[in-house]
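Some notes on the structure that comes next.
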Protein chains: 2
Amino acid sequence: MAFPIGELARQTAVKVPTIRYYEQIGLLPEAPRSEGNRRLYGSTEVERLNFIRHARDLGFEIEDIRELLAMAAQPQSSCHQVDSIANNHLAEIERRIASLTALKRELTRMIEECGHGRVCDCRIIEALADHSQCLAEH
Amino acid sequence: MAFPIGELARQTAVKVPTIRYYEQIGLLPEAPRSEGNRRLYGSTEVERLNFIRHARDLGFEIEDIRELLAMAAQPQSSCHQVDSIANNHLAEIERRIASLTALKRELTRMIEECGHGRVCDCRIIEALADHSQCLAEH
DNA sequence: TCTTGCTCCTCTAGTCACTAGAGAAGTTAG
DNA sequence: CTAACTTCTCTAGTGACTAGAGGAGCAAGA
């Protein structure tokens, strides 16, 4: 029933030091200890840690996850707040995609214009140096 | 001709503590000082800092910028390395866009399935909790 | 000349989410 | 009994800044 931290790490694909870190910041409750002072876990912790890992994979921040866990613990309450966290996160992701796409366009253009010659003619260096080329102005 | 750090900050839109930080890590050379120990700058520093800021805006890491600056200082050498840094960076950006797009898809699906009712029926919480829904399996 | 308010100085510590490493102690297999 | 492995605690490092304390310089107005 009870297994040590390495086994929990294997079952959830979360590294051992990360699990200890999550305990330290209170994302996981303090684990009961064996006689030899090792942390002991059960299936509840596997579930909780999987929840955390999945949310992290999706890019949620630790504080978001803290809130999501608190809400998941109150199944009778409205999921309006859950929805709002997820929607905020989606908006943030969309912002990041848009900004990265703009960067990609600019970089691609810079690279295409580079004649692969000497640095003194390099369009990449030039584009970076030239104040007037900054992203804000596109 | 020579102006203080605040003026450099204004001209380049880089914050004062950031400029001092760049000097500390050697991205900017140590500035000469006035009698009252204030850093003094000229147009050379404006150009260098604009280059740095633009590269940072484009998402280049400090170490990349260090290399780009070193190359820009040798205008007779080949720009092959410049091209390679830019291309690596472009590939990294494309990876990030792809990964964010996958997250967006997953999040959108989760949000759409959420019936906006109680937490006990919330598809978002469920999707996060459910081990089998993890991204790796898509 | 004095004061007010701004800018600047150095230094330390905090952010986020871990990751690395040291040194000691418990556990398991042969 | 020993060797190899896992676990323990603790500290410090990562990247790229940001915040704050406490003190000094400087420019303009009364």
Side-chain angles (χ1 to χ4, degrees), chain A residues 2-28 30-42 45 48-49 51-69 85 88-89 92-93 96 99 103, chain B residues 2-28 30-42 45 48-49 51-69 85 88-89 92-93 96 99 103:
Chain A
F3 42 83
I5 199 167
E7 180 59 25
L8 179 62
R10 237 163 283 127
Q11 284 189 38
T12 58
V14 175
K15 288 179 197 150
V16 169
T18 305
I19 296 173
R20 286 197 279 247
Y21 167 72
Y22 285 165
E23 178 180 304
Q24 193 194 312
I25 63 169
L27 207 55
L28 289 175
E30 286 191 25
R33 304 295 181 109
S34 73
E35 280 191 18
N37 198 34
R38 270 89 199 289
R39 289 170 180 84
L40 294 175
Y41 298 96
E45 283 74 35
R48 191 176 176 98
L49 194 48
F51 183 99
I52 294 169
R53 182 183 56 79
H54 193 195
R56 285 295 297 137
D57 283 348
L58 284 167
F60 284 94
E61 291 171 13
I62 298 280
E63 290 314 305
D64 285 340
I65 297 174
R66 221 186 274 279
E67 280 189 65
L68 289 171
L69 281 167
I85 290 178
N88 282 346
H89 186 53
E92 174 61 28
I93 286 173
R96 274 192 244 167
S99 135
L103 297 188
Chain B
F3 42 83
I5 199 167
E7 180 58 26
L8 179 62
R10 237 162 284 127
Q11 284 190 39
T12 58
V14 175
K15 288 178 196 153
V16 169
T18 305
I19 296 173
R20 285 196 280 248
Y21 169 72
Y22 286 164
E23 179 180 305
Q24 193 194 314
I25 64 171
L27 206 56
L28 288 176
E30 286 191 25
R33 303 295 180 108
S34 73
E35 281 191 17
N37 198 32
R38 271 78 198 292
R39 288 171 181 85
L40 294 175
Y41 299 97
E45 283 74 34
R48 191 177 176 95
L49 194 47
F51 183 101
I52 294 169
R53 183 184 55 79
H54 193 193
R56 286 292 300 137
D57 283 348
L58 284 167
F60 285 93
E61 291 172 12
I62 297 280
E63 289 315 303
D64 286 340
I65 297 174
R66 222 187 274 279
E67 280 189 67
L68 289 170
L69 282 166
I85 290 178
N88 282 345
H89 186 52
E92 174 61 29
I93 286 173
R96 275 192 245 166
S99 136
L103 296 188

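Numbered from 1 within each chain, the chains take letters A, B, ... in sequence-line order.
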*B:F3 CZ to D:dA27 C1', straight-line distance once rounded to whole Å*: 19 Å
_How many whole angstroms separate atom CG of A:L8 from atom C1' of D:dT6?_
14 Å
*Can you check whether B:K15 has a side-chain N or O nearer than 4.0 Å to OP1 or OP2 of D:dT18?*
yes
_Candidates D:dC8, D:dT18, C:dT27 - which lies nearest the side chain of B:P17_ = D:dT18
*Using a heavy-atom cut-off of under 4.0 Å over every strand shown, decide if B:E61 touches base, sugar-phosphate, or nothing.*
sugar-phosphate
*Between C:dC18, D:dA16, D:dT7, spot the one nearest the side chain of A:P4, thanks.*
D:dT7
*asked:* Would you say A:Y22 places a side-chain N or O within less than 4.0 Å of OP1 or OP2 belonging to C:dC18?
replied: yes
*Validation row: A:R96, B:R96 side chains within 4.5 angstrom (heavy atoms)*: no
_Under 4.0 angstrom between B:R38 side-chain N/O and D:dG25 OP1 or OP2_ = no
*asked:* Please determine whether salt bridge (charged side-chain N to carboxylate O under 4.0 Å, His left out) holds for the pair A:E45 and A:R48, giving the CA-CA distance in whole Å, both sets of side-chain angles, and the decisive distance to 0.1 Å.
replied: CA-CA 5 Å; A:E45 283 74 35; A:R48 191 176 176 98; over 6 Å; no
*Check: B:I62 and B:Y22 side chains under 4.5 Å, non-hydrogen atoms*: yes
*Could you tell me whether B:R20 contacts a base, only the sugar-phosphate backbone, or nothing, with contacts defined as non-hydrogen atoms closer than 4.0 Å?*
base
_Strictly below 4.0 Å, N to O, side chains only: are B:E63 and B:R66 in salt-bridge contact?_
yes
*Of A:Y41 and B:S34, whose closest DNA chain D nucleotide lies nearer the 5' terminus?*
A:Y41
*Grab the CZ-P distance between A:F60 and C:dA17 for me, whole Å please.*
13 Å
*Nearest-Å distance for atom pair CD/C1', residues A:E23 and C:dA17*: 17 Å
*Just checking B:R10: base, sugar-phosphate only, or nothing, at a heavy-atom cut-off of under 4.0 Å?*
nothing
*Nearest 0.5 Å please: distance from the CD atom of A:E92 over to the CD atom of A:E61.*
8.0 Å
*Hey, is the side chain of B:R39 poking within less than 4.0 Å of OP1 or OP2 on C:dT10, counting only N and O atoms?*
yes
*Using a 4.5 Å cut-off on heavy atoms from C-beta on, say whether the side chain of A:R39 contacts that of A:R33.*
yes
*Please state how far atom CD1 in B:I19 lies from atom C1' in C:dC9, giving the value in whole angstrom units.*
14 Å
*Return the value, rounded to whole Å, for the distance between atom CD of B:Q24 and atom C1' of C:dC9.*
14 Å
*Closer to the 5' end of DNA chain C via nearest nucleotide, is it A:Y21 or B:G36?*
B:G36
*Choosing from C:dC8, C:dC18, D:dC17, which nucleotide comes nearest the side chain of A:T18?*
C:dC18
*Given atom CG of A:N37 and atom C1' of C:dA25, what is their separation to the nearest angstrom?*
10 Å
_Earlier contact from the 5' end, DNA chain C, for B:I5 and A:E35_ = B:I5
*Rounded off to whole Å, could you give me the CZ-to-C1' distance for the A:R66 and C:dA17 pair?*
12 Å
